[in-house]
**Student:** 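Please find one structure pasted underneath; my questions will follow.
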Amino acid sequence: MEANPNCPKCHASAVYRNGKVLGKQRYRCKECGFQFTRTTPRGRPAHEKALAVTLYTMGLSLSAIARLFHVSTPAVLRWVRNFAERVYEKPEPGEVVIVELDEMWHFLTSKKTNFGSGKRIVVIPVNSSTGNVAGVIRLLSTD
């Protein structure tokens, strides 16, 4: 005879059998009244999620990570967002410098070199803890 599992909601050991659903044993907690049938935890282990976040920070795409772990792309995105919310602080409004695209365009057009739309802009993280970035544009010589 196997022992009754602990309650997944309040973790109390005061659990009793409460019928069957689709052939599976149902349990009910005496402490909080929660009914459950699943006795194993849902989701992926924490070490798999940590590996997925590490792969993402190393440059692997969300869809490639999803294929490796046989999960959906939104699941991997959720793992990355949850990690970022736990580890990184959101920057204060005063610490962030916002440059509007219109200002960038006026800066570029004030130069004597002809620039068009669709030029590649490389954004380099300056400080990952505050979210500051620097933009780099390759200038083409007119020689």
Side-chain angles (χ1 to χ4, degrees), residues 1-111 113-141:
M1 185 167 170
E2 64 183 67
N4 289 343
N6 290 343
C7 175
K9 189 172 182 182
C10 69
H11 305 290
S13 60
V15 173
Y16 62 93
R17 293 178 175 203
N18 192 27
K20 288 193 175 189
V21 175
L22 299 173
K24 294 184 180 182
Q25 183 65 53
R26 177 187 282 179
Y27 298 96
R28 183 180 183 104
C29 178
K30 290 182 182 179
E31 300 290 326
C32 66
F34 183 69
Q35 295 185 40
F36 61 97
T37 55
R38 181 185 299 272
T39 57
T40 57
R42 290 182 60 200
R44 294 296 178 121
H47 69 275
E48 282 188 18
K49 292 178 182 181
L51 178 60
V53 171
T54 303
L55 291 173
Y56 179 73
T57 58
M58 294 177 75
L60 206 59
S61 69
L62 292 174
S63 57
I65 296 169
R67 282 192 302 271
L68 284 172
F69 288 96
H70 304 289
V71 296
S72 66
T73 305
V76 177
L77 178 62
R78 195 170 43 251
W79 298 347
V80 171
R81 284 184 176 166
N82 289 342
F83 173 78
E85 287 175 359
R86 281 194 322 269
V87 175
Y88 294 106
E89 290 184 22
K90 193 171 184 180
E92 293 296 323
E95 296 176 10
V96 178
V97 177
I98 298 173
V99 178
E100 295 183 17
L101 290 177
D102 188 39
E103 293 172 4
M104 182 69 88
W105 180 253
H106 286 298
F107 172 75
L108 294 176
T109 56
S110 68
K111 304 293 183 187
T113 312
N114 186 14
F115 290 96
S117 62
K119 294 293 181 187
R120 180 177 293 170
I121 299 175
V122 179
V123 178
I124 303 169
V126 175
N127 187 345
S128 61
S129 64
T130 61
N132 292 342
V133 295
V136 178
I137 299 175
R138 183 176 171 211
L139 298 176
L140 299 175
S141 63

**Student:** Does atom OH (Tyr56) have a neighbourhood of more than 12 heavy atoms from anything else shown, all under 6.0 Å?
**Tutor:**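 Incorrect, the count does not exceed 12.
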**Student:** Hey, what do you get for CG (Leu62) to CZ (Arg67), rounding to the nearest 0.5 Å?
**Tutor:**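 Here the rounded value is 11.0 Å.
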**Student:** Nearest 0.5 angstrom please: Ile65 CD1 to Met58 CE, how far?
**Tutor:**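 Here the interatomic distance stands at 10.5 Å.
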**Student:** Write down the atom of Val15, the atom of Asn6, and the distance for their closest heavy-atom approach.
**Tutor:**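 Taking every non-hydrogen atom into account, CG2-C, 4.2 Å.
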**Student:** Of the non-hydrogen atoms in Arg44 and Phe69, which two are nearest, and what is the gap between them?
**Tutor:**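 It is NH2-O, 2.7 Å.
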**Student:** Out of curiosity, Tyr27 OH to Arg17 CZ, how far, rounded to the nearest 0.5 Å?
**Tutor:**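 Answer for the OH-CZ pair, Tyr27 versus Arg17, is 5.5 Å.
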**Student:** Show the nearest heavy-atom pair for residues Val71 and Trp79, with the distance to one decimal.
**Tutor:**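 Scanning both residues, the minimum pair turns out to be CG2-CH2, 4.0 Å.
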**Student:** Given 3.5 Å as the limit, does a donor-acceptor pair link the side chain of Gln25 with the main chain of Thr37, or not?
**Tutor:**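 No: the side chain of Gln25 does not pair with the backbone of Thr37.
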**Student:** Any side-chain heavy atom of Leu68 within less than 4.5 Å of one from Leu55?
**Tutor:**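 Answer yes - side chains close enough.
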**Student:** Pairs of donor and acceptor atoms involving the side chains of residues 7-14, under 3.5 Å and at least two apart or interchain, shall be tabulated with distances.
**Tutor:**
none

**Student:** Looking at residues at least two apart in the chain, or sitting in another chain, which of them share a side chain to side chain donor-acceptor pair (under 3.5 Å) with Ser61?
**Tutor:**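 With neighbours one apart ignored, the set is Ser63.
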